[in-house]
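Comments concern the structure below.
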2 protein chains.
Amino acid sequence: MSTTQAHLRKPYLLFLGEETQAPYAKTALGIRDWAPESCTGQWRLAGSAIDLGLPDLTPEEAVARGARSLVIGVAPVGGTIPEHWLPHLLQAIAAGLEIVSGMHARLASFAPLVLAAGNHGVTLHDVRHSDRAFPIATGRKRRGKRLLTVGTDCALGKKYTALAIARELLARGRKATFRATGQTGIIIAGSGVAIDAVVSDFVTGAAESLSPDNDADHWDVIEGQGALFHPAYAPVTLGLIHGSQPDAIVLCHDPSRQTILGWPDFPIPDLGDAIDAYLTQGRLTNSAIRCVGISVNTAQMSETDRRPHLRGLADRFALPVFDPIRDGVGGVVDRLEVGT
Amino acid sequence: MSTTQAHLRKPYLLFLGEETQAPYAKTALGIRDWAPESCTGQWRLAGSAIDLGLPDLTPEEAVARGARSLVIGVAPVGGTIPEHWLPHLLQAIAAGLEIVSGMHARLASFAPLVLAAGNHGVTLHDVRHSDRAFPIATGRKRRGKRLLTVGTDCALGKKYTALAIARELLARGRKATFRATGQTGIIIAGSGVAIDAVVSDFVTGAAESLSPDNDADHWDVIEGQGALFHPAYAPVTLGLIHGSQPDAIVLCHDPSRQTILGWPDFPIPDLGDAIDAYLTQGRLTNSAIRCVGISVNTAQMSETDRRPHLRGLADRFALPVFDPIRDGVGGVVDRLEVGT
């Protein structure tokens, strides 16, 4: 079995094209926020109105400062690579940079890029795709501790919560690794598996390979995907639960949502039912699984509204309940440290 | 979206190579048993000791009798295509036959076959692989009735049970279609989706596309895969449950098994727990789901032992409990007909 994860070369030059709107530069903003030490600079084309606060560099200047890869940090509508970017990407390749893309369209589908990459001996990384071979899951219990973020839906803070917990553990001098399962997380971490792109027979095995044997006091903090109650993506979530063998889960929730985002006929489950369902599934491969906290996205709530809301949940579940952005993740990390 | 299922051209010439052992000719035997009207003949090389009871034909003779495809009906150890078969496969292509393989090795990886298929305008079908594009699941309820076979483990009769139920419905003059999810089933049916080869993000959507809208009184009888309690394959099973939206499930079980086949640390679940787990998951996309029977593989039991065993289960669950091979599937089909 060859390498089963994407492995990227840092540091990065972040390519912003001519993007003008921050939502489309989510990838670049995430990398700047979570891996600032991995960012040599930004490369903006004429018309760009995004500024990451990094030095503006050409590929040649970035290479001179040590950059190893150009990351496409914006996602144009349609998820493809505009033709007029090709000369810029070719310039980066010629300067010796590897190219990293999290888009649906594959770099490898552009013949000029493939040709140039071959000529210059650099690799093209399509981190949204998982063409690598993964083993069938064994179910064998691995050494070390694992935390998986799970959710009542997609896109409500599972990546952010996992990144914040890993950072807090490291800040306290604990051994911890953030394990990425989606394209932005992979670029931040420099490695990982785009788990939803893995063939279903191998998805649990891919999750196993993502958090291998480790020191007994080491925490892998694994970015969750999808939701068990999601009418399309539940299989991805189940493979992550079974393969990650989590000792701890943190449930992520957005109280402003009544139904699954994009599937209005499917209700968001009750939080108690959701925790029960995740623990039931998790016990298949780790009988010691427990829920250690609830991460609530309160971006839509005023301070007056959110305080009693969080306190109500904390009373009901006897767990730390927090918005990771507004409250931090100290409470849940305390729980991991005392092991209760 | 282009065609999302494999579509094979019948009838078949069954290629047996020089196989001498029946277990390796399982595919050919399954096709002969379940789709005899689709078998023009058999083609055996010198040394073969398998006889399907079909006419021995060369590709040219088979084409003269109407055959459209050559099916590789044996699975050599290693799952690959021996070099010395290539001249025979090329002969079949030259005679105008399409080639159908359920092996891990892809026909498409043999350049001479690809070249010849192009020259003769025939298609190579690797039915174990699912390279086609599938939509993301919508969760939208479809017209028509659906039955899914599920199990306490893999490889204990889910395909056989589904085939037998579909055949019995048709014999009673009902509208029914067997829906195949694995390679042998696909070759028997002439179409289907190798569901475990679909990328995990699309596995539920692939299951949806397998049993499209149909007449209100039509039953799709869907071949199950894996098991919810399986440490490697549960995501495949979950996608099938959510995407099939079954009105009815039949639980398949082998009482001689104590642990998951090949995963000795994982116990076979209690049958009541298994039924509950499948119904719980199924309710996400079909609140009317019910269990209509238990299919028990009693191949390992004497008549004296199996009778009280089946009766005990029938009493406990108030359901038809049967070995589809020894007892038939009349009881469960009665339930489908009365709709209770």
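Residue numbers begin at 1 in each chain, while the letters A, B, ... track the order of the sequences. Note: hydrogens, waters and symmetry copies are ignored here, and every other heavy atom, side chains too, is used.
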Counting heavy-atom pairs under 4.5 Å with chain B, the top scorer among Thr285(A), Thr280(A), Leu228(A), Val198(A) is Val198(A)

Treating Asp270(A) as the side-chain partner and Gly272(A) as the backbone partner, does any N or O pair qualify as donor plus acceptor under 3.5 Å?
yes

So does Ile241(A) get a backbone contact from the side chain of Ser244(A), meaning a donor-acceptor N/O pair under 3.5 Å?
no

Tell me, out of Ile195(B), Thr204(B), Asp201(B), who's got the most heavy-atom pairs with chain A below 4.5 Å.
Asp201(B)

Flag if over 12 foreign heavy atoms under 6.0 Å of NZ, Lys26(B)
no

Does a sphere of radius 6.0 Å around CZ in Phe317(B) hold more than 12 heavy atoms from other residues, nucleotides or ligands, not counting ones at 6.0 Å or beyond?
yes

If I measure from the heavy atoms of chain A, does Gln225(B) come under 4.5 Å with its side chain, its backbone, both, or neither?
neither

